[in-house]
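Inspection log for the structure reproduced underneath, given as structure tokens.
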Amino acid sequence: MRLSEASLVRLPVLIDRPVYDRSRVTASIVHLGLGAFHRAHQALMTEAVLNAGDLAWGIVGAGMQSSGMRDALAPQDGLYTVAEVGADGERLRVVGALIDLVGGADDADKIKLLAKMSDASTRIVSLTVTEKGYYLDLATGNLQLHAPAIAADLAHPAVPKTILGLIVYALRNRQAAGIPPFTVLSCDNLPNNGKLARAAVVAFARQVDTDLAAWIEAHVCFPCTMVDRITPATTDADRAHINERLGLEDAWPVVTEQFVQWVIEDKFSLGRPDWTKGGAVFSDEIERWESMKLRCLNGAHSTLAYLGQLTGRETVAEAMNLPLITDLLDALWQENRAVLQAPHGVDPADYIEQLKRRFRNPALKHRTAQIACDGSQKLPQRLLAPLRERIAQHLPSPAIATAIAAWMHFAVKAAHPPGATLSDPQAADILAQAGKSTDPARIVDHLLSLAQLFGPDLPTHAAFRAELLGQFIALARNPAVATASQIVA
Ligand code: CS2
């Protein structure tokens with residue numbers, strides 16, 4: 001029997017479920033990018049608000065790419081299970097915060113979504129669309145005006161498909177109807193995510209109507225947030241195990257760790273839920289929280305993912321058993337700490353010890369291949385930002401250089417033999433550069449020439465280039481690391 005409102009009574013008593021009347025909840029948050037992460041993080045914090053009796057904050061969840069999530073959850077009345085797992089067991093809860101679901105990529109879905117966003121009932125539009133969903137050139141901060149999806153949204157305002165088109169056209173409808181704007185809440189792993197979201201939205205709006213762009217700049221709030229919860233893609237084994245415990249069928253449960261953190265800048269124009277009920281923190285120190293998390297957690301994750309891929313480690317926990325990787329992570333954290341401004345009250349040493357425990361979580365099957373995706377979108381804020389700060393202080397960065405070299409080997413392996421794929425929005429450019437030569441110095445120079453990734457400064461920095469090349473060659477010669485056999489090192 002399927003999990004649903006009607007079947008909730010059959011759940012084993014120890015499994016948490018909504019304690020509020022879902023039919024009385026108002027749908028005032030539209031969430032774009034309905035994946036596992038949102039459901040394990042912001043939706044769960046919102047569930048705590050609803051459970052505490054404030055029914056003004058239900059979520060309408062929208063998948064941006066496909067209707068898969070809606071098709072899985074609609075027959076369940078939007079209900080789904082979160083399994084929080086750790087070495088000492090697991091806790092299951094059924095979450096009711098998603099009170100409506102709007103489709104996928106079809107025109108009809110997007111028209112419905114635009115209408116809901118334009119409606120006065122929508123007070124917050126939150127986002128988890130990954131780095132590439134903002135269509136920003138991360139090296140320059142410019143909007144990718146020529147990206148086909150952006151060009152299509154500028155040409156077809158009635159059926160926008162990107163977050164930028166949806167937000168700008170919904171705000172235009174609201175402005176025309178005299179409805180105040182919603183707050184745009186970015187929950188993606190980008191530094192100053194609210195500021196980047198604002199820059200992308202305003203740049204898109206300028207192409208539509210400069211008055212509208214000015215109105216957005218003057219009236220729309222874009223709070224910054226730091227989000228953290230390691231949430232791998234759900235596997236069939238997860239599904240089978242959870243369904244057995246539920247005694248009901250949940251088509252798309254979420255498995256996540258026990259740790260959760262959400263730090264939010266308190267800047268909302270139409271009110272907000274009291275997410276502190278779920279453990280969130282409102283703070284003015286977002287930049288420090290974000291950069292510590294992006295560099296220490298995500299930077300280590302990417303390092304571990306590329307080296308894990310090169311050493312045949314399928315999961316993060318497996319990679320944490322390899323001294324080659326853990327030694328490198330220790331060195332990487334040292335390099336980060338030298339330029340880190342931690343939030344007040346946080347001891348970076350404790351934070352890093354906690355990260356090690358989280359990465360070793362034996363109950364999470366977090367695939368290195370998943371984290372290795374979209375490197376071009378992740379390296380700038382995770383590895384290149386601390387690198388640039390160290391360069392400015394004339395400090396060498398062998399660990400960061402090794403991490404970048406590991407990404408380069410990962411790209412070269414994907415380019416040999418030609419025809420292989422790389423999951424990255426810039427795959428074509430990366431593979432073209434990675435496949436041009438078999439000589440280490442040339443490979444490093446070709447890949448460094450990717451200006452959207454490395455900017456104008458890094459390729460011309462002789463000391464950094466030498467450090468990177470040295471680490472690239474060292475990895476090619478390391479017998480534990482399987483690099484492309486074509487490389488003549
Ligand atoms: C990971 C993140 O896939 C990735 O790039 O580094 O999704 C990471 O698990 C989360 O940011 C943890 O909060």
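These figures come from a predicted structure and were not determined experimentally. Position 1 is the first residue of the sequence, and the numbers go up from there. Atoms within a ligand are numbered from 1 in the order they appear, just like the ligands themselves.
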For the residue pair [Y] / [X], report whether a side-chain donor-acceptor contact shorter than 3.5 Å exists.
| X | Y | result |
| --- | --- | --- |
| Asp250 | Gln76 | yes |
| Thr234 | Asp238 | no |
| Thr368 | Gln309 | yes |

Kindly state whether the ring of His366 and the ring of Phe359 have centres lying under 6.0 angstrom apart.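 Ring centres of Phe359 and His366 not closer than 6.0 Å.
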Output field: ring centroids His409/Tyr306 closer than 6.0 Å: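 Ring-ring flag for His409/Tyr306: false, centres at least 6.0 Å apart.
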Would Arg229 count as a cation-pi partner of Phe37, with NZ or CZ less than 6.0 Å from the six-membered ring centre and within 45° of the ring normal?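 Not flagged: Arg229 not positioned over aromatic ring of Phe37.
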Close approach, Gln261 and ligand 1, non-hydrogen under 4.0 angstrom: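 So Gln261 does not count as touching ligand 1.
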Out of all atoms in ligand 1, which are within 4.0 Å of some heavy atom of [X]? Include the element for each.
| X | result |
| --- | --- |
| Arg229 | 12 (C), 13 (O) |
| His366 | 9 (O) |
| Lys378 | 3 (O), 4 (C), 5 (O) |
| Lys293 | 10 (C), 11 (O), 12 (C), 13 (O) |

Of all the non-hydrogen atoms in the protein, which one sits nearest to [atom], and at what distance?
| atom | answer |
| --- | --- |
| atom 12 (C) of ligand 1 | Asp228 OD1, 3.3 Å |
| atom 6 (O) of ligand 1 | His301 ND1, 2.8 Å |
| atom 2 (C) of ligand 1 | Asn298 ND2, 3.6 Å |
| atom 7 (O) of ligand 1 | Asn189 ND2, 4.2 Å |

Could you tell me whether Gln370 and ligand 1 have an N or O pair separated by under 3.5 Å?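 No, Gln370 has no N/O under 3.5 Å of an N/O on ligand 1.
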Does any N or O atom in Thr231 lie less than 3.5 angstrom from one in ligand 1, N or O only?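 No, Thr231 has no N/O under 3.5 Å of an N/O on ligand 1.
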Spatial distance of atom CG (Asp274) from atom OG1 (Thr46) [nearest 0.5 Å]: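 Taking CG in Asp274 and OG1 in Thr46, the distance rounds to 11.0 Å.
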Quick one: look at Ile371 and ligand 1, take heavy-atom pairs under 4.0 Å, and tell me if it's side chain, backbone, both or neither.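 Both of them.
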Which part of Arg367 is near ligand 1, with near meaning a heavy atom under 4.0 Å away: side chain, backbone, both or neither?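 It is neither; nothing of Arg367 touches ligand 1.
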Can you name the one residue among Glu265, His344, Met292 that meets side chain to side chain contact (heavy atoms under 4.5 Å, CB included) with Glu285?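 Checked Glu265, His344, Met292 against Glu285; only one passes side chain to side chain contact (heavy atoms under 4.5 Å, CB included): His344.
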Classify the angle between the aromatic ring planes of Trp262 and His41 as parallel (below 30°), tilted (30 to 60°) or perpendicular (above 60°).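 The rings of Trp262 and His41 stand perpendicular, inter-plane angle above 60°.
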